[in-house]
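Heavy-atom basis, side chains included; hydrogens, waters and symmetry copies ignored. In this text the structure is predicted, and so the values were computed from the model without any measurement.
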Amino acid sequence: EFQGNSSNTSIVKPSTPKKTSLNIGDIVTFTGTSHYTSSYKTGTRKQASPCQAKVTAKNTSSNVNVTHPYHLVGDGVYGWTNKSDIAELN
């Protein structure tokens with residue numbers, strides 16, 4: 001994209017759009033220490049450790065009881081996790 005007039009032209013590179021959600025198949029960094037047996041708040045908490053992981057499922061229900069919406073699989077995690085415990089990789 002060009003901006004300016006013919007005597008003062010500059011090239012502007014388009015910015016990369018920031019992702020707004022995680023998708024199945026995305027590789028992420030799990031930063032938490034717990035995962036859960038269910039995406040719902042009744043899921044049993046299990047110990048986990050930070051690692052690189054793959055998003056294998058997500059619960060997109062609007063049900064207020066869905067508190068752990070992303071299922072991750074990695075060396076230190078195998079279960080449903082909180083969005084706050086996930087850092088996206090670029």
Side-chain angles (χ1 to χ4, degrees):
E1 178 180 324
F2 292 98
Q3 291 184 340
N5 58 36
S6 60
S7 63
N8 184 16
T9 303
S10 62
I11 297 174
V12 177
K13 292 183 180 182
S15 61
T16 303
K18 186 164 176 89
K19 287 179 63 171
T20 58
S21 68
L22 295 172
N23 294 306
I24 294 172
D26 285 353
I27 303 300
V28 297
T29 299
F30 174 68
T31 60
T33 56
S34 299
H35 60 208
Y36 301 84
T37 58
S38 170
S39 61
Y40 292 90
K41 69 180 179 181
T42 56
T44 303
R45 182 179 151 188
K46 304 283 186 174
Q47 185 174 6
S49 58
C51 64
Q52 188 170 330
K54 185 176 188 175
V55 178
T56 58
K58 65 181 183 177
N59 187 335
T60 59
S61 170
S62 60
N63 186 317
V64 296
N65 292 318
V66 175
T67 55
H68 321 294
Y70 295 97
H71 189 276
L72 301 182
V73 174
D75 289 340
V77 61
Y78 191 101
W80 293 93
T81 62
N82 300 325
K83 170 73 170 142
S84 61
D85 291 333
I86 299 172
E88 292 183 58
L89 294 179
N90 292 331

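- Looking at every heavy atom in both residues, C51 comes nearest to G76 through SG-N, 3.2 Å.
- T37 places a side-chain N or O within 3.5 Å of a backbone atom of T44 that can act as its donor or acceptor partner.
- Between the CD atom of E88 and the OG1 atom of T29 there is a distance of 10.0 Å, given to the nearest 0.5 Å.
- Nearest approach of V55 to N23, heavy atoms of both residues: CB-O, 3.5 Å.
- Taking NZ from K46 and OG from S34, the interatomic distance works out to 11.5 Å, rounded to the nearest 0.5 Å.
- Judged by distance alone, the side chain of N82 and the main-chain N or O of S84 form no donor-acceptor pair under 3.5 Å.
- The two residues H35 and A48 make their nearest non-hydrogen contact at ND1-CB, 3.8 Å.
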task = Applying side-chain contact (heavy atoms from CB on, under 4.5 Å), run through D85 and Y70 and close with a yes or a no.
result = CA-CA 10 Å; D85 291 333; Y70 295 97; over 6 Å; no
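- Transitive grouping of hydrophobic side chains (ILVMFWY, heavy atoms separated by less than 4.5 Å) keeps W80 and V73 in distinct clusters.
- Between K58 and L22 the shortest heavy-atom distance is NZ-O, 2.8 Å.
- Residues satisfying the ring-ring contact (aromatic ring centres under 6.0 Å, His included) test with Y36, not counting sequence neighbours, are H68.
- Atom NE2 of H71 is separated from atom OG of S38 by 10.0 Å, given to the nearest 0.5 angstrom.
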request  = Starting from the C-alpha separation in whole Å, work towards a yes-or-no answer on side-chain contact (heavy atoms from CB on, under 4.5 Å) for I86 and T81.
outcome  = CA-CA 8 Å; I86 299 172; T81 62; 3.6 Å; yes
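- Here T67 contributes atom OG1 and N65 contributes atom CG; the two are 7.5 Å apart, rounded to the nearest 0.5 Å.
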